[in-house]
Peer 1: 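Can you keep this structure in mind? I'll have questions shortly.
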Amino acid sequence: MIDNGTNGGRTGRDRRGHDRTGGARVIRTAVPAEAEAITALHARARATYYPDGVPEDGTDWAAAWRAAVERPDGQVLCAVDAGRLVAVASFRTPPGAAADTVKLFQFHVDPGHWRSGIGTALHTACVEQWRADAARTAVLEVHAGNLRARAFYARLGWTPDPEHPPAPDDHHLCLRYAVGGGAE
């Protein structure tokens with residue numbers, strides 16, 4: 001969460017729509033009208049770890065993001081800096097998982113804002129929401145070739161998921177995070 005010094009250092013936007021603010025930076029729940037901006041940010045971020053270009057899989061990403069924002073069982077947080085959307089995270093309990101497990105389906109920071117602290121602030125906001133939702137474990141899949149993202153997640157405490165080791169031909173690694181901060 002971004003702290004602007006108000007409310008005892010605790011500001012935030014929860015599922016009821018209150019903003020997490022700090023000066024020109026805001027972390028808040030995304031709205032459906034932002035699907036195009038989120039899609040463009042998503043494309044810019046993904047392009048950095050696909051050296052031959054982002055593979056075309058036929059996905060209508062604007063529709064997919066709009067659906068993610070509108071899901072009643074999930075949440076999409078976005079970070080806005082000086083009025084511009086610069087990072088996004090999408091999460092929910094995955095199908096078939098325990099109710100206290102949340103999956104971080106998407107987490108992207110605009111490459112022009114890497115190393116600015118916005119990704120860490122967005123991750124912190126996600127963890128705060130997971131704790132509020134009584135999640136104990138978070139999971140994600142990261143592209144194996146995305147070394148920058150892998151280092152980011154490792155720095156924040158994500159570890160390889162022993163229940164889902166990578167297959168020899170898999171391009172993704174499964175990571176897990178103890179939301180309460182303790183050992184599982």
Side-chain angles (χ1 to χ4, degrees), residues 1-5 9-14 20-30 38 41-51 54 68 74-82 84-94 97 100-167 170-184:
M1 164 172 38
I2 301 171
D3 177 12
N4 69 355
R10 300 214 33 99
T11 60
R13 175 168 251 204
D14 59 19
R20 293 175 172 94
T21 62
R25 288 184 175 178
V26 177
I27 295 177
R28 60 172 173 71
T29 302
I38 292 170
L41 183 152
H42 178 189
R44 286 190 303 275
R46 285 185 72 208
T48 64
Y49 57 90
Y50 282 106
V54 178
Q75 188 162 3
V76 177
L77 295 180
C78 63
V80 178
D81 190 16
R84 182 168 175 249
L85 195 137
V86 296
V88 64
S90 171
F91 52 88
R92 68 180 187 278
T93 299
D100 64 355
T101 299
V102 64
K103 183 170 184 177
L104 183 59
F105 283 92
Q106 302 280 345
F107 191 96
H108 303 286
V109 175
D110 193 303
H113 286 80
W114 289 350
R115 311 286 309 157
S116 71
I118 204 84
T120 300
L122 181 59
H123 183 271
T124 299
C126 290
V127 172
E128 288 178 355
Q129 187 62 57
W130 301 338
R131 287 181 179 146
D133 293 342
R136 293 188 58 225
T137 303
V139 296
L140 65 77
E141 293 178 21
V142 63
H143 190 275
N146 190 344
L147 301 179
R148 180 200 48 79
R150 290 173 56 188
F152 172 79
Y153 292 127
R155 182 175 58 80
L156 293 171
W158 291 81
T159 58
D161 187 342
E163 295 177 20
H164 299 96
D170 197 354
H171 298 285
H172 291 87
L173 302 173
C174 296
L175 303 179
R176 67 187 307 120
Y177 180 84
V179 175
E184 296 191 332

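For the numbers below, each heavy atom of this structure counts, side chains included, while hydrogens, waters and symmetry mates do not.
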Peer 1: Provide the closest heavy-atom pair for Leu85 versus Cys78 in the form atom of the first, atom of the second, distance.
Peer 2: CD1-CB, 3.9 Å

Peer 1: In sequence, state the C-alpha distance, the side-chain angles, and the governing distance for Gln106 and Val88, and then conclude on side-chain contact (heavy atoms from CB on, under 4.5 Å).
Peer 2: CA-CA 7 Å; Gln106 302 280 345; Val88 64; 5.8 Å; no

Peer 1: Specify the closest pair of heavy atoms between Ile27 and Ala125, including all atoms of both residues, with the distance to one decimal.
Peer 2: CG2-CB, 3.8 Å

Peer 1: What distance do Leu156 atom CG and His123 atom NE2 have between them, rounded to the nearest 0.5 Å?
Peer 2: 5.0 Å

Peer 1: Between His143 and Asn146, is there a side-chain donor-acceptor contact under 3.5 Å, judged purely by atom types and distance?
Peer 2: no

Peer 1: Would one find more than 12 heavy atoms of other residues, nucleotides or ligands at under 6.0 Å from atom NE2 of His164?
Peer 2: no

Peer 1: If a pair satisfies salt bridge (Lys or Arg N to Asp or Glu O under 4.0 Å) and one of its residues is in residues 150-159, list it, with sequence neighbours excluded.
Peer 2: none

Peer 1: Have a look at Tyr177 and tell me which of Val127, Asp161, Thr159 forms a side chain to side chain contact (heavy atoms under 4.5 Å, CB included) with it.
Peer 2: Val127

Peer 1: Taking all heavy atoms of Leu41 and all of Ala87, pick out the closest pair and write down the distance.
Peer 2: CD1-N, 3.4 Å

Peer 1: If you apply the rule side-chain contact (heavy atoms from CB on, under 4.5 Å), what do you find for Trp158 with Val142, and how did you get there?
Peer 2: CA-CA 11 Å; Trp158 291 81; Val142 63; over 6 Å; no

Peer 1: Report yes if some heavy atom in the side chain of Asp81 is under 4.5 Å from a heavy atom in the side chain of Arg25; otherwise report no.
Peer 2: yes

Peer 1: So which atom in Leu122 and which in Leu77 form the shortest heavy-atom distance, rounded to 0.1 Å?
Peer 2: CD1-CB, 3.8 Å

Peer 1: So which atom in Ala89 and which in Phe107 form the shortest heavy-atom distance, rounded to 0.1 Å?
Peer 2: CB-CD1, 3.6 Å

Peer 1: Does anything in residues 102-122 form a salt bridge (Lys or Arg N to Asp or Glu O under 4.0 Å)? List the pairs, not counting sequence neighbours.
Peer 2: Arg44-Asp110, Arg84-Asp110, Lys103-Glu141

Peer 1: Start with the C-alpha gap between His42 and Ser90, add the side-chain angles, then the distance that decides, and say whether side-chain contact (heavy atoms from CB on, under 4.5 Å) holds.
Peer 2: CA-CA 11 Å; His42 178 189; Ser90 171; over 6 Å; no

Peer 1: With no hydrogens and no angle check, is any side-chain donor or acceptor of Arg136 less than 3.5 Å from a backbone partner on Gly180?
Peer 2: no

Peer 1: So among Thr101, Asp100, Thr137, Leu104, which one has a side chain to side chain contact (heavy atoms under 4.5 Å, CB included) with Trp130?
Peer 2: Leu104

Peer 1: Indicate the atoms forming the closest heavy-atom contact of Val109 with Ala45, along with that distance.
Peer 2: O-CB, 3.8 Å

Peer 1: If we check side chain to side chain contact (heavy atoms under 4.5 Å, CB included) with Phe91, which of these qualifies: Val102, Leu140, Val76?
Peer 2: Val102

Peer 1: Does the side chain of Pro162 reach to within under 4.5 Å of the side chain of Arg176, using non-hydrogen atoms?
Peer 2: yes

